[in-house]
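To keep things clear, I will list the structure first and then write my remarks on it.
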Amino acid sequence: MTRKKHARRLLAIGMVLSLILAACAAEDTGDTDAALAEAAAAEAAADAAQAAAAAAEAEAEQARAEAELAAAEAAEDEAAVAAAEAALAEAEAQAAATAEAAEAAAAAAEAEAAEARAEADLAAARAAEDEAAVAVAEAELAAAQAAADAAQEAAEAAQAQVQAARAETEAAQAEAAAALAAAEEAAAAAGIDLNNVIISTPSLVAQADYARAPYVAPAHAAGLLAFGGYLYRYDPQGDYVPDLATDFPEFSEDGLTMTVTLREGLVYSDGTPVVATDAVVTLERARDEGPFGAQMASFAGAEAVDDRTIVYTLNEPFSCLNNQIVCSENMPLHPHEQVLADPEGYFAKPVSATQYVISDWVPGSPTMVLEANPSYWAGEAVIKKLTLASATDPISRLLQVTTGAAAMGFDIPASVRADLPDDVIQIVHPIGGTFWFVIRSDVEGPLGDVRVRKALCLAMDRNAINERAFLGTAEPGGSILSRYRSEWEYEDIVPLDRDVDGALALLAEAGYADGFTTPLQTMGARPGWTDASTILAENWADIGVEAEVQPLEDAIIIDNIINRAYDAMWIGSGGPNFSTLRTLFYPDNFWSNSVAFADDSVTSTFDELAVAMPRGDMEASQRLQTEVQRLALDIGANYCPMGERAVLVGSRLSPDILAMIPASQNFWVAAEGG
């Protein structure tokens with residue numbers, strides 16, 4: 001039986017019981033036995049209602065478990081899939097048991113009500129001194145009492161099954177707690193102090209203000225750990241779950257009003273209450289001033305109805321599940337009065353309503369020290385002190401994790417996999433994005449011709465780049481969207497095979513048969529990126545194009561993207577499909593502005609997608625995500641996808657304590673109690 005059918009059945013049962021009890025209560029028998037029977041019926045109805053509520057809660061838990069399994073399967077994380085399958089099996093058993101108990105309790109309540117009616121009929125017959133009616137009523141009462149006894153036995157048996165299922169669940173939870181305790185003991189045995197854990201990262205956190213550029217991946221990762229608070233966040237399986245919000249948004253019938261309710265009693269790390277106005281100010285700053293304002297075009301405004309209720313008005317239907325970064329990372333809550341009074345001063349050391357609070361950090365410095373936030377509603381983190389330490393040299397990150405100076409090294413060279421110590425856990429982590437090279441449309445000279453850009457894409461050898469630069473971790477692909485995102489069934493949009501003859505023909509057609517020279521920028525601190533650029537330059541040399549590889553610091557590359565200070569660049573992206581497509585191809589967005597791309601047919605196709613995805617029209621969403629890419633990569637050819645973007649992570653801590661969130665560059669830290 002589906003959850004919807006089961007819910008309708010429980011609702012129907014509840015309505016029937018209400019009518020039965022109302023009818024019983026309406027009888028004025030004046031008889032003590034009848035009154036007692038009515039009281040028993042009312043108690044049975046209360047038990048049935050409680051059982052129905054328990055069943056609904058169990059059904060919701062099963063739905064959450066199914067979502068976690070889907071996310072794990074999409075990420076192709078075998079360990080996460082196994083854990084999610086076990087959790088789902090437990091949830092299904094609990095849901096089945098509670099559903100059966102609810103039905104049995106409802107049947108018992110109905111039988112008790114029938115007994116109450118029989119008692120009332122008997123009392124009325126006795127009061128009328130009608131011997132024949134008394135005899136009939138006594139027979140009916142005996143039958144009703146027998147039925148009530150049988151129904152009660154069935155209800156008690158079903159409740160026993162619920163208790164057994166609950167005991168199994170509690171045992172599984174105890175196992176998880178034991179695994180966490182074992183992980184903590186293992187960390188102590190390995191000499192890792194959970195009061196002082198260091199993560200070595202490639203990029204520093206430049207600043208903490210979500211409404212000021214640049215606000216890129218390192219700030220997002222640090223923000224989820226320690227900046228302000230978030231309506232929604234990610235669990236260790238990568239599933240999107242409510243955090244400061246009680247649940248996912250409720251929508252009006254026309255889909256143009258979205259209501260979010262905050263949990264009760266939330267406070268920031270300085271004791272300031274978290275209130276709905278904080279979310280209103282966040283939206284206004286992010287939409288009107290922030291670097292990702294274009295991604296919030298769906299929002300017309302927001303209002304704080306009371307301290308816990310935020311009502312967003314929308315220009316078009318919108319879904320947080322399809323626009324996860326917008327509803328979480330791009331809209332963190334901060335105390336609105338402090339932000340409005342002195343934004344620069346406040347964001348130099350913001351307060352927190354999430355796991356950690358900043359202990360020591362100067363914006364732009366290479367080290368950020370975080371301490372567990374005891375005020376976080378979901379419990380204090382197991383790691384009490386967490387330091388994000390930037391080391392731009394990948395060899396430095398490698399040495400830190402191999403020597404034990406850092407508990408985790410993020411994005412270390414893939415070339416060292418065979419030589420890592422046995423006590424370092426190796427994780428090839430797809431971040432839910434892709435590698436590609438990008439060329440601006442408004443570059444003067446050969447690169448300004450779309451035929452040249454297509455020729456350079458045809459000349460790329462994806463297999464060589466994967467094997468030589470990334471040692472097999474960058475699975476070749478012909479789409480801008482990652483195969484590890486769940487919103488779309490992966491398709492290759494551009495041909496995967498290298499076509500040198502086709503590339504030469506396009507160059508000749510464009511008038512550049514003799515080739516040309518061009519600079520090729522990349523982030524030099526990222527493992528494999530300079531190698532990938534060098535191999536790409538070799539590929540281009542085969543068609544007469546000479547590329548000068550220019551490895552630069554991350555911050556310089558970001559400035560160059562914003563200011564259009566590049567011709568061609570090896571780069572990558574990551575994140576939810578909707579946000580990725582909007583950023584790359586929709587007018588007035590970060591990348592579309594940078595490459596000078598805008599096309600009415602692409603824009604209108606994306607507008608159709610913006611309607612289809614919130615409505616849950618998966619068939620249309622699949623078709624439109626494919627069509628946006630096909631059109632844009634043909635019309636502009638600004639981006640040429642190479643393959644999956646994955647990083648090698650080395651960790652000395654069990655993933656039960658510290659893990660990478662699937663299909664992202666974000667970290668997950670366990671809370672006390674699991």
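- With ring centers used as reference points, Y639 lies 6.0 Å or more from F597.
- If you run ring-ring contact (aromatic ring centres under 6.0 Å, His included) between F437 and each of W529, W540, W570, only W540 comes through.
- Interatomic distance, L225 CG to N666 CG, rounded to the nearest 0.5 Å: 8.0 Å.
- Summarising the geometry, atom NE2 belonging to H220 is positioned 11.5 Å from atom OG belonging to S664; distances are rounded to the nearest 0.5 Å.
- Looking only at atom types and distance, the side chain of S573 has a donor-acceptor partner in the side chain of W436 under 3.5 Å away.
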Derivation and outcome, side chain to side chain contact (heavy atoms under 4.5 Å, CB included), residues L653 and M408:
CA-CA 7 Å; L653 278 175; M408 176 180 281; over 6 Å; no

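- Separating the CG atom in D419 from the CZ atom in R417 is a distance of 12.0 Å, to the nearest 0.5 Å.
- Looking at heavy atoms from C-beta onward, V452 lies out of side-chain contact with L506 at the 4.5 angstrom threshold.
- Cation-pi contact between R285 and Y210: present, with separation from the ring centre below 6.0 Å and deviation from the ring axis of at most 45°.
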Between Y484 and Y490, does the ring-ring contact (aromatic ring centres under 6.0 Å, His included) criterion hold? Intermediate values first, please.
CA-CA 9 Å; Y484 293 99; Y490 182 86; 9.2 Å; no

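- A cation-pi arrangement, defined by a distance under 6.0 Å to the six-membered ring centre and an angle within 45 degrees of its axis, is present between R440 and Y566.
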In sequence, state the C-alpha distance, the side-chain angles, and the governing distance for D634 and K454, and then conclude on salt bridge (Lys or Arg N to Asp or Glu O under 4.0 Å).
CA-CA 8 Å; D634 181 58; K454 289 182 178 180; 2.8 Å; yes

Does the pair D554 and R526 meet the rule for a salt bridge (Lys or Arg N to Asp or Glu O under 4.0 Å), with working shown?
CA-CA 9 Å; D554 286 14; R526 305 298 181 98; 2.9 Å; yes

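- Looking only at atom types and distance, the side chain of E491 has no donor-acceptor partner in the side chain of S479 under 3.5 Å away.
- To the nearest 0.5 Å, atoms CD1 (I561) and CD1 (I556) are separated by 12.0 Å.
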Passes salt bridge (Lys or Arg N to Asp or Glu O under 4.0 Å), R483 versus E475? Steps please.
CA-CA 10 Å; R483 68 186 76 239; E475 184 178 0; 3.5 Å; yes

How far apart are the C-alpha atoms of Q665 and H429, what are their side-chain angles, what is the distance that settles it, and do they pass the side chain to side chain contact (heavy atoms under 4.5 Å, CB included) test?
CA-CA 9 Å; Q665 299 183 64; H429 178 68; over 6 Å; no

Which is it for L584 and N589 under the side chain to side chain contact (heavy atoms under 4.5 Å, CB included) test, yes or no, and what are the steps along the way?
CA-CA 7 Å; L584 269 62; N589 272 263; over 6 Å; no

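- Between F578 and F606, the ring centre distance stays below 6.0 Å.
- For R498 and D542, the salt-bridge test passes: some basic side-chain N is under 4.0 Å from an acidic carboxylate O.
- Using a 30° and 60° split on the angle between ring planes, Y232 and Y240 fall in the tilted class, from 30° to 60°.
- R468 and D531 are not joined by a salt bridge, as no carboxylate oxygen comes within less than 4.0 angstrom of a charged side-chain nitrogen.
- The shortest distance between side-chain heavy atoms of L456 and I439 falls below 4.5 Å.
- Of the options T517, L520, T518, a side-chain contact (heavy atoms from CB on, under 4.5 Å) to E546 is made by T517 and by none of the others.
- The OH atom of Y268 lies 7.5 Å from the NE2 atom of H334; values are rounded to the nearest 0.5 Å.
- Few gaps surround CG on N195; more than 12 heavy atoms of other groups in view lie less than 6.0 Å from it.
- No side-chain donor-acceptor contact under 3.5 Å links Y234 and D243.
- A 6.0 Å sphere centred on CD of E289 holds more than 12 heavy atoms belonging to other residues, nucleotides or ligands.
- A distance of 6.0 Å or more separates the ring centres of F347 and F227.
- Rounded to the nearest 0.5 Å, atoms OG1 (T522) and CG (L552) are 8.5 Å apart.
- Heavy atoms only, all atoms of each residue included: L481 and Q625 are closest at CD1-OE1, 3.8 Å.
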